[in-house]
Q: 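This is the structure I want to talk about, given as structure tokens.
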Amino acid sequence: MFRTLLHHPRKIRLRRALFQIHLWVGVLLSVYIAVIGLSGSVIVFEEEYRHAALRGYQYDPAQVAPLADVLERARAAALPGESVYYVMAPSKAVPVYSIYLHGGTRGRRMLMAEATSGALAAEQRRTFMDWMKDLHVYLLMGERGFIINCIAGMGLLVLALTGAVLWWPGVRLWMRGFVISLRHGWKRINLNTHYAVGIWTLFIVSWWGMTAIYFLLPAKTAAVVNRISRIEGMRAPVAVPDAGFNSLADVGAMLREAQRLVPQGTLSGVGLPEVAGKPVTVYVDTGRPGDFSHRDINTFDGHTGRLLTVWHYGVNRTAGDWFLWLMQPLHFGTAWGLAVKIVWALLGLSLPVLSVTGLVMYWNRYLGKRWAVVRAVRR
């Protein structure tokens, strides 16, 4: 069998079964794959988009208004029944405070505050980038859409693994699978394009499929990884049981404590609970401001203000740490500058290319012939 696999892989029955799996998963997810690839290529440039939209605002990292002051102003400006659930500090890319509110009669909305003065600016209306991000993450369906997205995203891993087996043409012809020859007819060019784009993007498409599993089941994924390579730095702190109180301690004191723990760090945001008294999360960037891949995540008791846990996210000591840490940076491609973002945008566009060329192959091999028979019968 091994010799047959090396020289005549098409004769193996398992390959035929994998072909059917690859075919039907690809057909069923074709529209999803195209949409997720296009939207992902767009949101890679979210920082650049927002920076251009906010070019009238000034940002000086040495003169940023205290986050606690901005939070109090936002609370005072909240509508009846509305509460602040997250405040994101300004950065070079997004030079304003971003304040997220929910509840009340207007649902979720976002306010902005000037970085230097902390004065509230105009309400941020939903932009094209917000719509694309919602499409890519939630499929425009909220939390239910996120679950559907992750489940469908696992199909990318199935397609990548089965596609790698189907791509292998044998020892004698294996080099041809990496190039697109224009010496043949359009059907053969379409086939070669599907094969070549698929093999060149095999790693990143497989990774995107694995991240879908991680985003849906982070704890279970970490448990599996921990069995292979011990997780230390990327081990999330154990959640502390809620004490059941419904009063909120001084958030400003929590912010000061988080800053005291990492004087050289930058307060990047604070997450507030929906119910007063539940834990408050304070984020401190230990790398460049706005870099989500290196930050301390501090959890405070919302009732007493006592520090409960600190997660030094991005401090990796083992192979398991690195594997889990890379889940988000390699998925989004936004952690290493503009050049990498351009590469990731092009990689994202490979998904609609694979989807379209795969559907064309299906038409050429099956649907087109059936359609010709139906037309002949009608005549």
Side-chain angles (χ1 to χ4, degrees), residues 8-10 12 14-44 132 135-136 139 148-149 151-170 172-212 330-331 333 341-375:
H8 305 287
R10 294 179 183 275
I12 298 177
L14 177 60
R15 187 183 185 280
R16 299 171 188 172
L18 293 177
F19 173 80
Q20 292 298 320
I21 295 173
H22 188 85
L23 169 64
W24 290 111
V25 172
V27 169
L28 291 173
L29 297 181
S30 57
V31 175
Y32 164 81
I33 291 171
V35 168
I36 213 71
L38 287 171
S39 59
S41 294
V42 171
I43 66 173
V44 163
M132 292 299 289
L135 174 64
H136 187 79
L139 300 180
I148 296 173
N149 191 4
I151 294 173
M154 295 176 194
L156 286 177
L157 183 58
V158 174
L159 289 171
L161 296 179
T162 55
V165 176
L166 297 174
W167 168 86
W168 175 249
R172 189 169 62 88
L173 302 174
W174 74 277
M175 284 293 293
R176 294 184 183 180
F178 288 95
V179 297
I180 302 173
S181 175
L182 302 179
R183 298 178 181 178
H184 306 282
W186 71 269
K187 292 183 179 180
R188 184 61 180 272
I189 293 174
N190 180 80
L191 175 68
N192 289 346
T193 300
H194 190 81
Y195 279 17
V197 172
I199 197 62
W200 281 110
T201 60
L202 176 64
F203 171 78
I204 193 60
V205 173
S206 300
W207 190 267
W208 287 334
M210 287 189 290
T211 57
L330 279 182
H331 181 96
K341 290 182 180 182
I342 294 173
V343 172
W344 248 244
L346 294 175
L347 289 171
L349 293 177
S350 70
L351 292 182
V353 171
L354 289 169
S355 181
V356 171
T357 54
L359 288 175
V360 171
M361 289 166 59
Y362 182 51
W363 173 267
N364 291 336
R365 291 186 177 185
Y366 181 74
L367 285 184
K369 296 177 182 178
R370 292 295 298 271
W371 178 246
V373 172
V374 171
R375 290 184 64 186

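For the numbers below, each heavy atom of this structure counts, side chains included, while hydrogens, waters and symmetry mates do not.
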Q: In Å and rounded to the nearest 0.5 Å, what is the NE2 to CH2 distance from His331 to Trp208?
A: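 Spacing of NE2 (His331) from CH2 (Trp208) equals 8.0 Å.
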Q: Which heavy atom of Leu139 sits nearest a heavy atom of Tyr32, and at what distance?
A: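 Minimum heavy-atom separation between Leu139 and Tyr32: CD2-CE1, 4.3 Å.
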Q: Hey, does the side chain of Ser206 reach the backbone of Ala160 with a donor-acceptor pair shorter than 3.5 angstrom?
A: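 It does not hold such a pair.
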Q: Any heavy-atom pair between the side chains of Leu191 and Arg188 that's under 4.5 Å?
A: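 Side-chain contact under 4.5 Å: yes.
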Q: Grab the two heavy atoms, one from His194 and one from Gly358, that are nearest each other, plus how far apart they are.
A: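 Closest pair (atom of His194, atom of Gly358, distance): ND1-N, 3.4 Å.
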Q: For the residue pair Ile36 and Ser39, what are the closest heavy atoms and their distance?
A: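 Looks like O-OG, 3.2 Å.
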Q: Should we say atom CZ of Arg176 is surrounded by more than 12 heavy atoms from elsewhere, each under 6.0 Å from it?
A: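 Not buried by this count: 12 neighbours or fewer within 6.0 Å.
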Q: Quick one: pull up OG1 in Thr201 and CG in Leu346 and give me the separation to the nearest 0.5 Å.
A: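 Taking OG1 in Thr201 and CG in Leu346, the distance rounds to 12.0 Å.
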Q: Counting C-beta onward and ignoring hydrogens, is there a side-chain heavy-atom pair between Leu202 and Ile199 closer than 4.5 Å?
A: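 Yes, close enough: below the 4.5 Å cut-off.
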Q: Nearest 0.5 Å please: distance from the NZ atom of Lys187 over to the CG atom of Asn192.
A: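 Spacing of NZ (Lys187) from CG (Asn192) equals 14.5 Å.
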Q: Roughly how far apart are Leu159 CG and Ile33 CD1, rounded to 0.5 Å?
A: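 The distance works out to 5.0 Å.
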Q: Any sub-3.5 Å donor-acceptor pair from Ser355's side-chain atoms to Leu351's backbone N or O?
A: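 Such a contact is absent between Ser355 side chain and Leu351 backbone.
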Q: To check you understand the geometry: which heavy-atom pair defines the closest contact between Leu38 and Met132, and what is its length?
A: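 Where Leu38 meets Met132 most closely, the heavy atoms are O-CE, 4.4 Å.
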Q: Counting only heavy atoms not in Phe178 (residues, nucleotides, ligands), do more than 12 fall under 6.0 Å from its CZ?
A: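 Result for CZ/Phe178: enclosed.
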Q: Do you know which of Tyr366, Tyr362, Phe19 makes ring pair (Phe, Tyr, Trp, His ring centres under 6.0 Å) with Trp24?
A: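 It is Tyr362, the one option of Tyr366, Tyr362, Phe19 that forms the ring pair (Phe, Tyr, Trp, His ring centres under 6.0 Å) with Trp24.
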Q: Please examine the side chains of Met210 and Trp207, heavy atoms only from C-beta on, and report whether any two atoms are closer than 4.5 Å.
A: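 Yes, their side chains come closer than 4.5 Å.
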Q: Does Trp167 use its side chain to pair, donor to acceptor, with the backbone of Ala196 at less than 3.5 Å?
A: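 Not a single qualifying donor-acceptor pair exists.
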Q: Measure the spacing between OG1 of Thr162 and CG of Leu23 and express it to the nearest 0.5 Å.
A: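 If we round to the nearest 0.5 Å, Thr162:OG1 and Leu23:CG are 10.0 Å apart.
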Q: Hey, could you give me the CH2/CG distance between Trp200 and Leu347, rounded to the nearest 0.5 Å?
A: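 Output value for this atom pair is 12.0 Å.
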Q: Without swapping roles, check the side chain of Asn364 against the backbone of Val360 for a donor-acceptor pair under 3.5 Å.
A: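 Yes, the answer is positive, given that a donor and an acceptor are paired below the 3.5 Å cut-off.
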Q: Measure across Ile189 and Ser181 and return the closest heavy-atom pair with its distance rounded to 0.1 Å.
A: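 Distance-wise, the nearest heavy atoms are CG1-O, 3.5 Å.
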Q: State, to 0.1 Å, how close Pro169 and Trp174 come at their nearest heavy-atom pair, and which atoms those are.
A: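 Closest pair (atom of Pro169, atom of Trp174, distance): CG-CA, 3.4 Å.
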